[in-house]
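Since the structure comes first, as structure tokens, the remarks are kept for the end.
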Amino acid sequence: MFGVIFDSLLTLAYPQACQVCENSVENFSDGVACRLCWEKTQIFSGAETLCAKCGAFLQDKSSNYQTFCHRCDEHFYDYASAVGTYGYALAASVLHLKREPLIAGRLRQLFVSRLQSSKFQDATLIVPVPLSRKRFLERGFNQAAVLSKILAKQTKISLDEKSLVRKIDTPMHRAGMDGKARAVSVENAFETKRPKFIENQKILLVDDVFTSGATVSNCAKVLKKCGADKVYVFTLAKTL
Ligand SMILES: [Zn+2]
Ligand SMILES: [Zn+2]
């Protein structure tokens with residue numbers, strides 16, 4: 001505990017290096033990236049066109065029509081939304097969150113306000129994407145649960161960390177893995193332990209990053225099998 005406090009004091013006292021460009025981070029609330037790298041990061045404002053289902057970025061201009069990327073047609077969740085595109089400050093923050101269970105003020109604020117302006121207002125239960133037991137023991141925390149706790153505290157929606165579990169320790173997604181290989185690696189990896197807690201709920205499924213969507217789609221599949229009414233996916237970042 002002392003170590004954590006000491007580290008925080010050090011960070012306050014001395015600017016640390018931006019994990020994107022190595023210039024110094026002058027504002028503590030910017031976290032691991034500097035102001036300029038935050039400015040380069042694509043944060044969704046509502047003025048752009050995103051896929052109406054998975055939230056993938058489609059174009060800068062807004063559209064009057066619902067547009068779909070169609071790569072997500074087969075996915076089992078209802079809608080997905082993210083703070084912005086995985087890159088610069090968002091990518092650095094996601095990577096940092098895999099090492100330390102800390103989220104800087106700026107990102108915390110973006111995450112909460114993105115949820116408040118989303119179409120997920122009727123969510124009744126927050127469920128983090130689980131880690132396998134092995135990975136949890138290695139890391140010591142689940143980054144999706146850290147994010148879920150922030151949302152639960154802000155919104156007063158109940159948090160359920162127990163009902164959805166990852167029974168298979170799937171290999172980490174590697175850069176060379178194509179969509180099909182990823183889909184196979186997470187298929188049947190999840191199960192629900194307490195179906196009664198899931199039944200009729202509108203679930204906000206939370207993770208750090210949405211990549212191919214295979215993980216969250218498989219979670220949604222088992223949640224819906226147990227009678228979940230809706231499954232919304234909410235992440236910090238969405239890859240292009
Ligand atoms: Zn920077
Ligand atoms: Zn899509």
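Counting convention: from 1, in listed order, for ligands and their atoms alike.
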Any ion pair linking Arg135 and Glu138 (charged N to carboxylate O, less than 4.0 Å)? yes

Do the charged groups of Lys224 and Asp78 touch, with an N to O distance under 4.0 Å? yes

Passes salt bridge (charged side-chain N to carboxylate O under 4.0 Å, His left out), Lys230 versus Asp122? Steps please. CA-CA 10 Å; Lys230 293 268 192 283; Asp122 60 348; over 6 Å; no

Are Val127 and Val146 connected into the same hydrophobic cluster when the rule is that any two of I, L, V, M, F, W, Y join if their side-chain heavy atoms are below 4.5 Å apart? no

Does Glu22 reach the main-chain N or O of Gln19 with its side chain, forming a donor-acceptor pair under 3.5 Å? no

Distance under 6.0 Å and angle within 45° of the ring axis: does Lys119 meet both against Tyr79? yes

For Leu236 and Phe111, the nearest pair of non-hydrogen atoms, with its separation, is CD2-CD1, 3.5 Å

Measure distances from the Zn ion (ligand 2) and count the protein N, O or S atoms below 2.8 Å. 4

Picking from Val165, Leu164, Ile198, what satisfies side chain to side chain contact (heavy atoms under 4.5 Å, CB included) with Val222? Leu164

Rounded distance (nearest 0.5 Å) linking atom CG of Asn142 with atom CG of Leu131: 4.0 Å

Under 2.8 Å from the Zn ion (ligand 1), which protein N/O/S atoms are there? Cys18 SG, Cys21 SG, Cys34 SG, Cys37 SG

